[in-house]
Protein chains: 2
Amino acid sequence: MTRLTALALPLIALALAPTAARADVVARAASPDGHITLTISLDGEGRPSYAVQRNGKPLIADSRLGFMFTDAPKIERNLTLADSKQASSDTSWTQPWGEWSRIRDHHNELTLVFREKGDLQREMDVTFRLFDDGVAFRYSLPDQANLHHANIAEELTQFAFAQGGTAWWKPAYGWNREEYLYNRTPLDAVGTAQTVMTVKLADGTHVALHEAALVDYAGMNLARAEGNTFRADLTPGAGAPKVSRDAGFSTPWRTIAVADDAAGLYMNHMILNLNEPNKLGDVSWIKPGKFVGVWWNMIKGEWSWARGPKHGATTANVRRYIDFAAASGIPAVLVEGWNVGWDGNWFGNGKDMNFSQPTEDFDADGLAVYARSKGVTLIGHHETGGSASHYDGQLDTAFKWAADHGEQVVKTGYVTDAGQIERVDADGAKHREWHEGQWMVNHYLRVVQTAAKYHVSIDSHEPVKDTGLRRTYPNWVAREGGRGMEYNAWVGGKNPPEHEANLVFTQLLGGPMDFTPGVLSLSGSEGSTIHSTIAKQLALYVVLYSPVVMAADTPENYAKYPGPFQFIKDVPTDWSDTRALNGEVGDYVTIARKAKGSDDWYLGAVGDEQARSSKVTLDFLDAGRSYTAEIYRDGPGADYRTEGRHAIVIEKKQVKKGDVLSLDLAPGGGQAIRFVASGGKRKR
Amino acid sequence: MTRLTALALPLIALALAPTAARADVVARAASPDGHITLTISLDGEGRPSYAVQRNGKPLIADSRLGFMFTDAPKIERNLTLADSKQASSDTSWTQPWGEWSRIRDHHNELTLVFREKGDLQREMDVTFRLFDDGVAFRYSLPDQANLHHANIAEELTQFAFAQGGTAWWKPAYGWNREEYLYNRTPLDAVGTAQTVMTVKLADGTHVALHEAALVDYAGMNLARAEGNTFRADLTPGAGAPKVSRDAGFSTPWRTIAVADDAAGLYMNHMILNLNEPNKLGDVSWIKPGKFVGVWWNMIKGEWSWARGPKHGATTANVRRYIDFAAASGIPAVLVEGWNVGWDGNWFGNGKDMNFSQPTEDFDADGLAVYARSKGVTLIGHHETGGSASHYDGQLDTAFKWAADHGEQVVKTGYVTDAGQIERVDADGAKHREWHEGQWMVNHYLRVVQTAAKYHVSIDSHEPVKDTGLRRTYPNWVAREGGRGMEYNAWVGGKNPPEHEANLVFTQLLGGPMDFTPGVLSLSGSEGSTIHSTIAKQLALYVVLYSPVVMAADTPENYAKYPGPFQFIKDVPTDWSDTRALNGEVGDYVTIARKAKGSDDWYLGAVGDEQARSSKVTLDFLDAGRSYTAEIYRDGPGADYRTEGRHAIVIEKKQVKKGDVLSLDLAPGGGQAIRFVASGGKRKR
């Protein structure tokens, strides 16, 4: 049907006939290197769409844009392109901590001003940023005559993949928040997915869908409509609109990262670049580092959070952990169950929690002094049981108390089922919220901002997903938000060997995860074993980036494995450079990182349930320099299914740039290497 | 992990470890013939689930039950089985109109009373009904101390298919309401589906998921979580809870129909049986029947709804249609565009619509008299453009006006995009609602109930889905809710030949659809052709059941096809018996029906894009009786892709019970047969 005859048809046909609407391209843009291009179209009914091409080939087919509101007609049809603006930018900035010291932000920008033709004449702006390795866009709704406040029922954003492929994803809206194993399915067999969702398209191109700078908005999930087409599915809240905002705001960035391979995806900096710069000023008080803690014994069921004969957070136990940390050169000790509020049923109910009242068997003041004397800090713990308003009421008191006791980091928790966060109104009315709904997105940030006032950093558990806000609030150092080591404590439901090779290319594309690796005993409760070798436990310190990272096993167990434990003592948590050397999602990954303030490099490689050999060329090392490679590799017979899981070989080797190393990973195995630069600076 | 050790573990492990919770069967039930069995389980965390087996084989694996609320903790965990009741029932009842006169309702019932162990002690009841051909269940939330009002955020019902298969489904939450073509995908490639969703499992078992008696609740969609597991996904409204009800109510029934084959699914009566009996008393005023109308020329773009030179609903045009109807023995004439309100942009905006003010060129009073003199009634038309509150304000006036003008049926319309229904509060605040949200579910029923007061029947377009409420409100005679003939008027987006063989086994399992068949000219706008043969157009009158069914083509076109038109004149719209003789979803279907008050049978067979031959045995005919089969079959060279689409052979043949007929369907073809019983009663 030609455009002319379509317009000649009566409105009913225009409105209902699905193919009456042919799209015309109204704007174009390209990435700095020209490899990624963007086309913006308007169809015969005035519906805008975007499409993305890479190397001349369709990557994202025409995908709609717009909003539904609970109290106004949607913005989606009858739009004209009123204006458009182009810009370019090439800057670099420095991270206070992270995988890379310097980050380059090189992009072209296209801003489109759409305006409705009808009575309302509303304006919707969409800004696209094109990087050489991806495209991002966000909406802006200016304050205007017919839109002073936006009650958003749904965002009408589509992502229509132009070809099929394989997707790695975890479901949204399950009872269990973010803690699902990753599904690996055909792209057209995804249900409703959380982001990050990672896709390997039929032609091998890798794409990761996510969002950046999630602030005062609902988290976005991806609901597959039909075929390979997804639509934004904003997380609900207890209130009617999923998002309620005064007009004059921008949404989070919707991000489409693209690479030739999985390793390429890991090297993408879009998420950080799309966030606002540091708003906290001097952040020298933020201290990345390792920690041990009163935790694994609780997870295993041997100690308790609650008071009583099994209480873990006693003065004596914590003193012992402080001693162990100090002796090991580990700067911090996490203590869970130190405060009043754990004695009842705290799952989904944290209303007894008092975040500045220690239990009587925990000498907080004395331990603070003792820890300081040992050069160690305590990491506080605030478990809310999902009673977020209850926590809100204590924030200032709690963080002041934490700071007064020398705590530089607080681990928060929101252990309750999805959709069961309790919000209490000013008038006492109770509401049930989702972990990633707008209200909780604001709550998590409120906690981080309050903590910053007291120079405390936050490690959020049961958190909102990471959308790169660590750039803006560098004291948001880490989070959980996935299945960490705790699942390996339990007899059922252990993480499979491929789990970490999934995480690196999905969740960790969003930012650091507090996975709590390093269980060298490889044992959980009731004699159950972890699906890992010892060498893999070490490799996780390099592979799974977090500025605060636990040595999760107990002092007693570490005493049994002094050789491997040396790597945990050596490995830093802050890096000046990072290289993903190879990888396939869910199969294996090898990452090399350069210690900040040092010339040493570290390498971690993890696999899945299969043995795997690969060769890596040590291109990343400095030229003309000799390194001692301290290698921790799976020993003969190593296998996560047998007692061989403990088999490890620790050896040294002289290497230099350009050398080729063979990495032989056992089933469930891994390899960790420290490259000590001769004459180089050393830093823990 | 044994139950004992699970309980000995600290709460955190219980709460988080996914397999710590082993389920114990706490109740069982079986269908009357024992072939379908039900098991109810409670896991270690007190979460109830149901599972369904058929012939000893798992059909639905353990699937969760429960509710989330916006203002209270969910009901899902920590439940005990406080009580259970069993009952049996075997009754029959008579339909005032329908596919069958008598319907048998034979089932066993199991009611479970779950009660929370914690502080709230809330009770949730679930009632299962087991039929020989399916299982249904609904929740009841009694009024109780800690639950006087339910603000339901989501229903936590799961449907976990125990095996994979193929699904036929259309997506929920698209812009275009229900009017999508059916997807045929692997079960584990469904996105979020509307119901009816029909599944052919790997072992050949056919299952249809739907709901019955959707009253004062939100319509249920099916969101696939992972694999073959679906969860209820209630349609949102503008308000925060998806459903808001005072406690002391029951939800709609969630239905799982089961059969060995597609034809068996069609013979299922669960949906009707699960609805309340007729609440309208004497319904002899409800008149099934055929109609012609001022419609197809508008859909094709030759006439207009709006006033002006192309206005279709003029006195002269309608008189001509009345004459044609009377001459053809067709009892009714639909008129669209007869009233004031169409002149502006009425798509999504029906606020100019006045349902008791005809346009000046439509002599409503005179035409009512003229129609009556010809033994014909007019079918009114109320297009709301989605302005539902505006329509609410006119309901009584509008239906009184309709009744005063002799209208026995009114076709309603809600043409706007999904989620764009306008509701206006008492205080003037505007809200945007979904066609199947709770408020609109109530609106549609309010319209039907108001119409009943005036002895008017309702044919809803852009409706809520059919959940069998025709039993309770027999004046709700039909609805659209899918892609009907109108798509064939347009150059793009025509229905493919398989469309009707999809509809029969999906949407029409819910109830009658006003498809508007019978376009014998097989031509749409701009010379485009319909993907059908003439014989198929006739077969649709038997295959696609509706008590009110259109002869959709124009009088001028019917004059060109007097032979085939005879079948349209003959075929009734009310039946005493129906047999689905064969079929495969989306491929073909053959249905025989016995005319009510007559001994005549009719047969319709439609196929898809492929030629197909099948044999049917005339077992349904009365024994010892001779019938004249008036056969309308695809002629030599018939093919929907060529001019051969008009090739039809009309022939007569004497047949009797047990004879075998060959049905040879052309590509895009069909066959219609009238079996005239010798000496039998005749009734139109």
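We use all heavy atoms of the structure for the numbers below, so side chains are in, but hydrogens, waters and symmetry mates are not. All chains are named by letter (A, B, ...) in the order of the sequence lines, taking the proteins before the strands, and each is independently numbered beginning at 1.
Residue Trp342(B) does not touch chain A at all, counting heavy-atom pairs closer than 4.5 Å.
When the candidates Thr416(A), Val190(A), Thr192(A) are compared by the number of heavy-atom contacts under 4.5 Å with chain B, Val190(A) comes out ahead. Interface summary for chain A: among Glu76(B), Arg64(B), Glu154(B), the most heavy-atom pairs under 4.5 angstrom belong to Arg64(B). Counting heavy-atom pairs under 4.5 Å between each of Glu422(B), Arg231(B), Lys170(B) and chain A puts Arg231(B) at the top. Per-residue heavy-atom pair counts under 4.5 Å with chain A were compared for Gly118(B), Ala429(B), Ala238(B), and the maximum is reached by Ala238(B).
For CG of Asp119(B), the number of neighbouring non-hydrogen atoms (other residues, nucleotides, ligands) closer than 6.0 Å is 12 at most.
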### Query
How far apart are the C-alpha atoms of Arg432(B) and Lys74(A), what are their side-chain angles, what is the distance that settles it, and do they pass the side chain to side chain contact (heavy atoms under 4.5 Å, CB included) test?
CA-CA 9 Å; Arg432(B) 292 280 152 176; Lys74(A) 65 182 174 179; over 6 Å; no
### Task
For side chain to side chain contact (heavy atoms under 4.5 Å, CB included), just list the numbers for Trp175(A) and Arg77(B), CA-CA rounded to whole Å, side-chain angles, deciding distance to a tenth of an Å, and then say yes or no.
CA-CA 11 Å; Trp175(A) 64 279; Arg77(B) 286 179 183 276; 3.3 Å; yes
### Query
Would Glu226(B) and Thr185(A) satisfy side chain to side chain contact (heavy atoms under 4.5 Å, CB included), going step by step from the backbone distance to the final call?
CA-CA 10 Å; Glu226(B) 295 178 281; Thr185(A) 72; over 6 Å; no
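Expressed to the nearest 0.5 Å, how far CG of Asn183(B) lies from CG of Asp188(A) amounts to 10.0 Å. In this structure, CG on Leu156(A) lies 13.5 Å from OH on Tyr173(B), to the nearest 0.5 angstrom.
Between Pro171(A) and Ala225(B), the shortest heavy-atom distance links the atoms CB-O, 4.0 Å.
Contacts between residues 65-73 of chain B and chain A, defined by a heavy-atom separation under 4.5 Å, are made by Met68(B), Phe69(B), Thr70(B), Asp71(B), Ala72(B), Pro73(B).
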